[in-house]
Amino acid sequence: MANLNMVEAINLALREEMARDETIIILGEDVGQLGGVFRVTDGLQAEFGPERVVDTPLAEAGIMGAALGLALGGFKPVPEIQFMGFLPPALDQLICHVSRYRNRTRGRHTMPMVVRLPYGAGIHAPEHHSESTEAILAHIPGLKVVIPSTPYDAKGLLISALRDPDPVIFLEPKRIYRAVREEVPSGEYVIALGQAKVIRTGETVTAVAWGSMVREVIRAADLVASQGISVEVIDLRTISPMDDETIVASIRKTGRGVIVHEACRTCGLAAEIIARINEKAFLSLAAPLERVTGFDTIVPLLKLEDHYLPDAFRISRAIQKVVYY
Amino acid sequence: MANLNMVEAINLALREEMARDETIIILGEDVGQLGGVFRVTDGLQAEFGPERVVDTPLAEAGIMGAALGLALGGFKPVPEIQFMGFLPPALDQLICHVSRYRNRTRGRHTMPMVVRLPYGAGIHAPEHHSESTEAILAHIPGLKVVIPSTPYDAKGLLISALRDPDPVIFLEPKRIYRAVREEVPSGEYVIALGQAKVIRTGETVTAVAWGSMVREVIRAADLVASQGISVEVIDLRTISPMDDETIVASIRKTGRGVIVHEACRTCGLAAEIIARINEKAFLSLAAPLERVTGFDTIVPLLKLEDHYLPDAFRISRAIQKVVYY
Amino acid sequence: MNLADFDPLSGKRCEILDHQGVIVAQELRPPGLTDELVLELYDRMVMLRVADQQALTLQRAGRMGTYAPTLGQEAANIGSAAVLQPGDWLVPSFRETGAMLLRGVPIKLIYMYWMGSEWGSHYPSEVKVLPICAPVSTQTLHGVGLAWAGKLKQDHTMTLIYFGDGATSKGDFHEAMNFAGVFTIPCVFFCQNNQYSISVPRRVQTAAASLAQKAVAYGFPGIMVDGNDLLAVYTVTAAAAARARAGEGPTLIEAQTYRLGPHTTADDPSRYRPLEELKAQEPYDPLRRLRIYLTQQGLITEDSEQDRVVKYEGMAKDAAREAEAAISLNPDDIFDYHYAQMPPYVAFQKEYLHRILAARGESAGG
Amino acid sequence: MNLADFDPLSGKRCEILDHQGVIVAQELRPPGLTDELVLELYDRMVMLRVADQQALTLQRAGRMGTYAPTLGQEAANIGSAAVLQPGDWLVPSFRETGAMLLRGVPIKLIYMYWMGSEWGSHYPSEVKVLPICAPVSTQTLHGVGLAWAGKLKQDHTMTLIYFGDGATSKGDFHEAMNFAGVFTIPCVFFCQNNQYSISVPRRVQTAAASLAQKAVAYGFPGIMVDGNDLLAVYTVTAAAAARARAGEGPTLIEAQTYRLGPHTTADDPSRYRPLEELKAQEPYDPLRRLRIYLTQQGLITEDSEQDRVVKYEGMAKDAAREAEAAISLNPDDIFDYHYAQMPPYVAFQKEYLHRILAARGESAGG
Ligand SMILES: Cc1ncc(C[n+]2csc(CCOP(=O)(O)OP(=O)(O)O)c2C)c(N)n1
Ligand SMILES: Cc1ncc(C[n+]2csc(CCOP(=O)(O)OP(=O)(O)O)c2C)c(N)n1
Ligand SMILES: [Mg+2]
Ligand SMILES: [Mg+2]
């Protein structure tokens, strides 16, 4: 048991699973000698050798497509895309092949693979380093999309992802890579994919978030607690397949909901959550569901970036709005 | 005035606008000599020459990126992507650049461009020839996304798109390319982008669709008319920016709604429409909004394809469901 | 043969049996490529042509969807795939019906695929062939990864990757070639340059004088071969495969052939290809020259030829019927193969479809 | 000079001023490249180095975001951009601060960009330079399209496209090169091969012996040049630009240089680059050799050198202050530039932000 931040927790999960499963191969830009630009793969090449932790040429489609071939050849590739902003060149392989191979071949070929990538804004990086386009991935059948919000969950979810028979996109909220430390057990434990977690129970209103927004929601819940508003906070953890049951059960209880994400609003994941609540808990709703999201704009460069991201203040206002509707 | 199908109407719009605006350049695979695999650009190379109707190498990123450069150089490129299933390699240029140039340069460089592509299922084509991923495009700020459902609209919307100062993705529902003929005036007329059209007024329930699904909705409306259900049918026409006002006004009147698309359900555009109705017309809603959509699966090959697409029967059941809720 | 003797920058290409059926470079012919083997492979080429023709017939009769014929590319298909050994992988594009057949994909499954059933890509588990790949050139990367896996497992296999001339323009082809060079991947890049990408002629694809010379960009050999010459195709591919197996890395082969048919059954080549051009290609037909040669060797006769065609026509027709009978129309198939474990909402959609079909009075079982 | 004399496959590369300041190939030097011009360009190189250093200082002081220094690549930057004529376009990657400055992008704007303001990419309208491009190699296609536009307008301009060694591995580089070859585009592909892509050394990017030889794949010339030799870079780029202007099509230039600094200020090269390697590069510093040469020519002295640095330090500091003063903190900027006409819901989001800031007691005007 050690006190780890999320980078260290992910590194530990990779290290332990690589020791356990010889078919795991990490490949990507700067993942080897450098240990990744965020040091997530630090020390892994030294431990497992350059055949299992591979620095590739600068080519995201190449990384994804070669990973697919490695998976067909019996390996469990763990490609890293350096930033979500550089995922687009790899989308072709993800959309056309990684997500489809099992179905295309009626199960003859499966695609066990974990695609890791840091995502999200809030680190004051240049353009294309702040993207959160998880809704695009959630729209693609055949992919799973997982987003941890704590070091503990990051390790447990990643171990599950690495043992999953299907392709998992593992989005790492880089803004909170080093934001908190918590006890993370060494050795194996898993957190099942596809299960949201109620991280705080409440009665007045349900708030749903994932990644770095979970922290903001907790802060918002603290802010409104003094007003007697009791917020049930749900960390979605797996974006796809989505655990709408947990959300719907909570809404049935509270009758009110706020969904928070940093991605653009239009066609973001909050819309899907609202659609499902509409379908399954319509009669429970006492107020419109509120979205607190990034704007329908390109994430600004750093001087204005802080205006972009939802924060505890905005979330608390939305909570008040649905409560006092 | 001539009786044209959608292919001919689009061809006419291109021909007239190319004659009017010398900066228009069509580029893509097989668009020249062959006139496109669907003959949409038939005869244009003969008329405007191989410098303005350009057969390119087989490279979608190349087509999109070169089009961007042509736009910067003062032209109005009209790249064609042969099928929406082959858009993924071009998404990088669309997401990272085409949609962003105006904002990135604070308006110094704009990106007038119309990306044409046939989309949707229902023509019994092989894998990757049936995609409808319009929701992905609608999630990208800076793009406009237009989808006609009739020959007349196709021409008017395309002319508007060609005169728009911003990048427009023009999605052509290939299933109905030749399905109907109607009177299409020769000469200029425009249909404004960003405006949905109420194509049939009704009182009981609102149905929203676009592309080839509009026809199915109309049929469904006919089916339920005998039961005294009066359906207001809205053809969204522009997916992004979305005209939610027209939808919301209708829902305020009817209190009930069905949204139809052939794309996968999860994170499809219907979710966004539901989220907006929830925000703007919550108190008008007498029943949950229903989605009739493609499944969260890969479009089946042709033997099972017909099971995939929403049709009048499914839509009529959804209409009944919301009416008798 | 020595690949290095055919530097594409010098304009040389490998030819062994010319289009008049004359052996012009016996010295290049590997000892293993006996007349018996040539006859066997010729037999497969005939089978391919017949199976291909049958597919067109089926398509015209509405019994098959869009089909991409292999007509004219039989030598490129069969001569290349023939060099594979049991553990090797074959990665097709979509115009490798013959190569796939040769490697054990049942013709029935190939028909099922083009008839529009995913079960057509559910090959027997021992068949080391990837499914047909529609997005041009994307499969080149799959082949590289698969061959890489073989290298890591030290299983001494190699992977034969097919693609067309048009595919060489795509970025993923570049990335595949580059990865293969960097990681010394045991694979062979086999380009069926049939001179067209749908309507777009080869010269529009690239300003390079040859496609083979593109290998220079990646630090490994490229070679041009007469793609209608079974013997040359076999010889060159065998040499490249040997290189791969020896751990020396990849090779790019440009097999210069010609698409005698339409791009697919949905295509009308008369819109872009002069009839004279097509006519001029007829003497180069890959079967014609073999027929001359094998007749001269006394290995085939007009009668035996007739029998062969009849035999394969029967086979193809049987396969078509079997394919039709085997195609599942079970709508559950739409849902059942996306994940090892079906998410609840997909299960719900599956139930929904059952309800819809029941309401309509259609049986869910098809 | 004749580009064809330096076939990269023969291993030749163009060098004129060696690293000890000796002219080794006077005959290659174009007449226009006088000692006065060399002095002027050297002056720009010093300015670049000072401006670059200032950016690092600002970054350490928290006054700038991540910055990608140009240290060591001054000759590659300045020698190449110097050949451009007024109508020509320059398409940078993100390590062309010097080339951009030379072409008229105000240093203030470059600082504003790295300080995190989009206004830093709002260049004066007469400046023919595209904005900095973060996604590696994607800009190569923009350059091809832009040059294509020039060709169609018959304006006799050309476009100079920059990218790094790492960029040559990407698919879009391939597609850009291929389009340029096919359509005889008047552009020059200028690769600053600084031997690293972040931590990944050049040898991992490709198995090709040189990057210049990649041009073979596209049917146009490639050439290697000592990228730390201002004279050679100028000479080669001028020849390539002349080719483009003459309608003969593109050229690929591999300028072999070395990144003396970190990848960006966020990078720690000590994790992957041995200190000895860096030390061994110091004698090849592109400024050092020019200082020797120009001193010998009597064109600079220690005093004039001192003055020059002082002058540019002042300039850079002023530019930094001006940049900071000019940066808009107006949150409206987040919304106002996505479309010519703002969609209603974006306008609503803008209002929302105003309300939020007001509620928080922050002024919306920043
Ligand atoms: C990425 C992509 N773009 C476009 C298409 C449509 N398309 C199918 S085949 C083809 C031409 C392929 O030409 P080539 O690579 O020479 O192979 P051939 O068909 O001649 O065997 C095109 C454009 C596709 N399948 N994939
Ligand atoms: C498509 C893409 N992938 C990854 C990155 C992250 N990244 C930024 S610069 C860089 C290395 C670029 O190397 P090179 O092309 O040699 O240029 P240099 O930085 O050496 O000037 C990487 C991997 C990126 N910006 N774009
Ligand atoms: Mg071809
Ligand atoms: Mg570099």
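Numbers restart at 1 for each chain; the letters A, B, ... are given by sequence-line order, proteins then strands.
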Which atoms of [X] come close to chain C, meaning under 4.5 Å heavy atom to heavy atom: side chain ones, backbone ones, both, or neither?
X        : answer
D/Leu9   : side chain
D/Phe179 : neither
D/Ser210 : neither

- request: Indicate yes or no for a side-chain donor-acceptor contact from C/Thr257 to the backbone of C/Gly72 under 3.5 Å, with no hydrogens or angles considered.
  value: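 Yes, C/Thr257 side chain to C/Gly72 backbone: donor-acceptor pair under 3.5 Å.
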
Using a 4.5 angstrom heavy-atom cutoff, name the option from [options] with the most pairs to chain C.
options                                : answer
D/Gly181, D/Ala180, D/Gly171           : D/Gly171
D/Gly249, D/Ala209, D/Ala207, D/Ala215 : D/Ala207
D/Leu211, D/Thr168, D/Asn178           : D/Asn178

query: So do C/Asp165 and C/Ser197 actually touch side chain to side chain, heavy atoms under 4.5 Å?
result: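 Side chain of C/Ser197 against side chain of C/Asp165, heavy atoms only: contact under 4.5 Å found.
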
message: Please determine whether side chain to side chain contact (heavy atoms under 4.5 Å, CB included) holds for the pair D/Cys14 and D/Leu28, giving the CA-CA distance in whole Å, both sets of side-chain angles, and the decisive distance to 0.1 Å.
response: CA-CA 9 Å; D/Cys14 179; D/Leu28 295 175; 4.0 Å; yes

query: Checking ring-ring contact (aromatic ring centres under 6.0 Å, His included) against C/Phe183, which of C/Trp148, C/Phe220, C/Tyr218 comes through?
result: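 Per the ring-ring contact (aromatic ring centres under 6.0 Å, His included) rule, the option paired with C/Phe183 is C/Trp148, out of C/Trp148, C/Phe220, C/Tyr218.
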
- prompt: With under 30° as parallel and over 60° as perpendicular, where do the rings of D/Tyr272 and D/Tyr196 fit, or are they tilted in between?
  reply: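 Rings of D/Tyr272 and D/Tyr196: tilted, as their planes differ by 30° to 60°.
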
